[in-house]
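So the structure is just underneath, and the comments pick up after that.
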Amino acid sequence: MSDTLATAAARLAGGLLLAYALLIGMTFYWGFVRADGLAARPDNTRRITFDRRIARGRILDRAGRVLAETRPSPSGEDGDPRQAEASRRAYPYPAAAPVVGFQTWRYGAGGDTRVTYGIGGAEAAYDLALRGDLGLSVRQLLASRVLHRAQRGHDVQLSLDAELQAYAAQLVGDREGAVVVLDVDSGAVRALVSLPTFDPEDLDAGGVGDDPTSPLLNRATQGLYTPGSVFKVITLAAALDEGLTSPDQVFADGDAEASFDGFPVACGNNPPGLVRFDLAHAFGYSCNLTFARLGDELGEVRFRAFARRFGIESAPPFPLPLASGQLSPDLPMSRAELVSAAFGQGQTLVTPLQMALVAAAVAGDGSLPVPWLLADVPGQRWAGMADERGTWMRAVGPGTAAQVRRIMQISAEDGYARSAADAAGIAIGGKTGTAQLGGDRAPHSWFVGFAPADRPRLAVAVLVVEGGEGARVAAPIGGQVLARGLQLEAEAGD
């Protein structure tokens with residue numbers, strides 16, 4: 001063999017060896033390293049076919065009410081008699097859809113599967129338990145994978161209260177908005193409403209993805225909105241914690257106007273003729289000028305630091321999809337932007353879940369709890385449950401939290417949050433917000449608060465998108481939700 005042929009043969013052999021090595025490497029990577037990820041993909045039709053043999057566990061609320069369960073469909077999907085063993089996922093509480101989520105697929109002719117919306121919400125977050133893979137022994141694994149025996153999933157119990165969820169959704173009605181209710185001490189999510197929502201059982205009917213109202217968007221955790229005056233809770237806490245003001249400091253801002261590098265700010269919300277008021281009533285009457293002064297005195301560095309300590313610009317650990325709020329993308333902030341942010345305007349954006357955490361922090365010891373959903377997997381131990389509990393971050397000390405708490409109580413006694421207290425019929429703490437959007441758009445209506453006033457147990461955030469004044473729209477909803485939530489807690493013996 002000539003040298004030329006020998007060289008060519010060597011190159012060919014080297015190329016084949018390299019190709020085989022790459023093939024083996026890719027097989028190992030996708031077959032072992034990425035196997036779990038591929039198996040978990042919602043569009044994996046082999047997985048869906050396997051899942052049809054699983055008796056998927058139920059999703060329950062805190063009282064044991066069924067939020068999701070698998071029911072047989074004797075006639076088969078799409079009327080195909082060959083799918084007589086098919087089953088469907090049922091969701092008895094459509095109002096809980098933003099939390100419970102969905103599990104969807106379609107069966108075509110011949111039994112093939114076609115993915116529609118896949119899996120989402122708690123169905124996805126706790127899929128390991130619901131499918132029965134949690135705590136699966138080697139013997140059970142072989143029985144299900146090799147012998148194709150039916151696998152039974154585990155039930156999953158959430159912290160959600162289905163009655164409170166439905167009640168809050170009913171109060172918002174056909175408007176766009178969100179309601180979040182948290183247990184102050186533990187961070188347990190009692191309600192997480194997003195409207196408009198969807199019926200998980202009707203997703204396969206189609207059209208949801210093209211709906212301009214975006215029903216699949218979870219407004220409570222993913223929606224970003226101008227907060228308006230509910231953001232003053234953070235500014236108030238920051239100024240008190242830094243010793244820049246005190247609850248009894250008097251401001252003569254009622255008929256004043258000040259310019260911050262050419263940006264004019266006035267009160268505009270105080271009762272007619274009332275010029276002088278203390279800090280608590282400046283908060284209760286939502287005086288923008290007083291809070292612009294406090295933000296200006298804090299300065300950008302301290303103000304931004306406190307906003308971050310309250311979770312703004314971060315996403316809390318939570319099993320559902322989240323968005324992070326923002327204070328301002330501008331670095332450094334202009335003076336006008338800083339004072340605007342101090343009373344919740346400008347480029348500041350938050351989610352309702354973030355504002356519920358702010359309310360829970362000042363209603364408690366000044367710490368933001370980790371919001372959690374998973375209450376129990378009966379009969380099973382899941383290490384992941386511990387990761388959903390505890391403290392997320394420390395915002396302010398207990399002393400500052402107590403001062404803010406008292407000022408929010410005064411706001412619900414003498415300020416605009418009184419409409420929430422009247423609706424609740426009990427003493428609460430709260431703050432209203434009317435977030436101006438400019439142009440012809442109506443403002444977002446906000447309320448954050450807690451109850452009962454003397455020993456807060458529940459915290460709430462209410463948003464009605466472009467709903468109007470906070471005191472007229474969101475605050476009464478918040479008060480009623482807090483009262484109903486406390487009633488359900490008492491009935492549950494908590």
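Just so it is clear, the structure is predicted and the values come from calculations on it, not from any experiment.
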For a side-chain contact (heavy atoms from CB on, under 4.5 Å) with Ile407, tell me which candidate from Val362, Asp278, Leu240 qualifies. Leu240
Does a sphere of radius 6.0 Å around CZ in Arg335 hold more than 12 heavy atoms from other residues, nucleotides or ligands, not counting ones at 6.0 Å or beyond? yes
Would the distance check show the side chain of Thr235 and the main-chain N or O of Ala342 forming a donor-acceptor pair, the cut-off being under 3.5 Å? yes
Got a second to check how far Leu160's CG is from Leu374's CG, nearest 0.5 Å? 12.5 Å
Residue pair Glu69, Arg56: steps toward the salt bridge (charged side-chain N to carboxylate O under 4.0 Å, His left out) verdict: CA-CA 7 Å; Glu69 64 180 346; Arg56 189 172 177 84; over 6 Å; no
Roughly how far apart are Phe291 CZ and Phe231 CZ, rounded to 0.5 Å? 12.0 Å
Arg58 CZ: over 12 foreign heavy atoms closer than 6.0 Å: no
Keeping Gln354 on the side-chain end and Val350 on the backbone end, is there a donor-acceptor pair under 3.5 Å? no
Do Arg405 and Asp454 sit within salt-bridge range, that is, some charged N less than 4.0 Å from a carboxylate O? no
Evaluate the side-chain proximity of Arg293 to Thr290: yes if any heavy-atom separation is below 4.5 Å, no if none is. no
Please check if the side chain of Asn270 supplies one atom and the backbone of Gly254 the other of a donor-acceptor pair under 3.5 Å. yes
Qualifying residue for side-chain contact (heavy atoms from CB on, under 4.5 Å) with Ser159, from Val99, Val189, Leu182: Val189
Would you compute the distance between atom CG of Leu437 and atom CD of Glu466 and round it to the nearest 0.5 angstrom? 5.5 Å
Which atom of Ser194 lies closest to which atom of Leu217, heavy atoms considered: OG-O, 3.3 Å
Does the pair Arg89 and Thr70 meet the rule for a side-chain hydrogen bond (donor to acceptor under 3.5 Å, both in side chains), with working shown? CA-CA 4 Å; Arg89 201 69 170 155; Thr70 300; 2.8 Å; yes
With under 30° as parallel and over 60° as perpendicular, where do the rings of Phe343 and Phe263 fit, or are they tilted in between? parallel
Show, in sequence, the C-alpha distance, side-chain angles and deciding distance for Asp253 and Arg276, and conclude whether the salt bridge (charged side-chain N to carboxylate O under 4.0 Å, His left out) test is met. CA-CA 7 Å; Asp253 287 338; Arg276 295 172 60 84; over 6 Å; no
Honestly, is Lys232 close enough over Phe283, meaning NZ or CZ under 6.0 Å from the six-membered ring centre and within 45° of the axis? no
Could you walk me through whether Glu176 and Arg219 pass the salt bridge (charged side-chain N to carboxylate O under 4.0 Å, His left out) check? CA-CA 9 Å; Glu176 181 180 354; Arg219 287 158 174 80; 2.9 Å; yes
Gap separating the CG atom of Leu128 from the NE2 atom of His154, nearest 0.5 angstrom: 8.0 Å
Any chance CD of Gln170 has more than 12 other-residue heavy atoms, nucleotides or ligands included, within less than 6.0 Å? no
Contact list for residues 351-368, test salt bridge (Lys or Arg N to Asp or Glu O under 4.0 Å), sequence neighbours left out: Asp365-Arg394
Do Glu469 side-chain atoms and Ser445 backbone N/O form a donor-acceptor pair below 3.5 Å? no
Between Arg302 and Glu297, is there a side-chain N and carboxylate O pair less than 4.0 Å apart? no
Of all heavy-atom pairs linking Pro369 and Leu357, the shortest is O-CD2, 3.3 Å
Within this structure, what is the CG-OG distance for the pair Leu338 and Ser328, rounded to the nearest 0.5 Å? 9.5 Å
For the CG atom of Leu279 and the CG atom of Leu294, what is their distance to the nearest 0.5 Å? 6.5 Å
Does the Thr348 side chain pair with the main chain of Leu327, one donor and one acceptor, at a distance under 3.5 Å? yes
Under 3.5 Å: donor-acceptor pair, side chain of Gln345, backbone of Gln436: yes
Backbone of Gly228 reached by a side-chain donor or acceptor of Thr226 within 3.5 Å: no
Using atom types as modelled and distance alone, determine if a side-chain donor or acceptor of Gln222 lies under 3.5 Å from a backbone N or O of Asn218. yes
Looking only at non-hydrogen atoms, find the nearest pair between Phe450 and Ala359 and report the distance. CD2-O, 4.5 Å
Step-by-step side-chain hydrogen bond (donor to acceptor under 3.5 Å, both in side chains) determination, Arg484 to Gln487: CA-CA 5 Å; Arg484 181 59 175 153; Gln487 181 184 7; 2.9 Å; yes
Going through the checks in order, is the side chain to side chain contact (heavy atoms under 4.5 Å, CB included) test met by Val481 and Phe447? CA-CA 11 Å; Val481 168; Phe447 175 77; over 6 Å; no
Please lay out, stage by stage, how Arg457 and Asp183 fare under the test salt bridge (charged side-chain N to carboxylate O under 4.0 Å, His left out). CA-CA 6 Å; Arg457 299 184 62 188; Asp183 182 281; 5.8 Å; no
With respect to Tyr91, which candidate in Glu123, Gln103, Glu201 satisfies the side chain to side chain donor-acceptor pair (under 3.5 Å) definition? Glu123
Start with the C-alpha gap between Ser229 and Ser286, add the side-chain angles, then the distance that decides, and say whether side-chain hydrogen bond (donor to acceptor under 3.5 Å, both in side chains) holds. CA-CA 7 Å; Ser229 292; Ser286 209; 2.8 Å; yes
So which of Val100, Leu67, Leu164, Val66 actually passes side-chain contact (heavy atoms from CB on, under 4.5 Å) with Asp61? Leu67
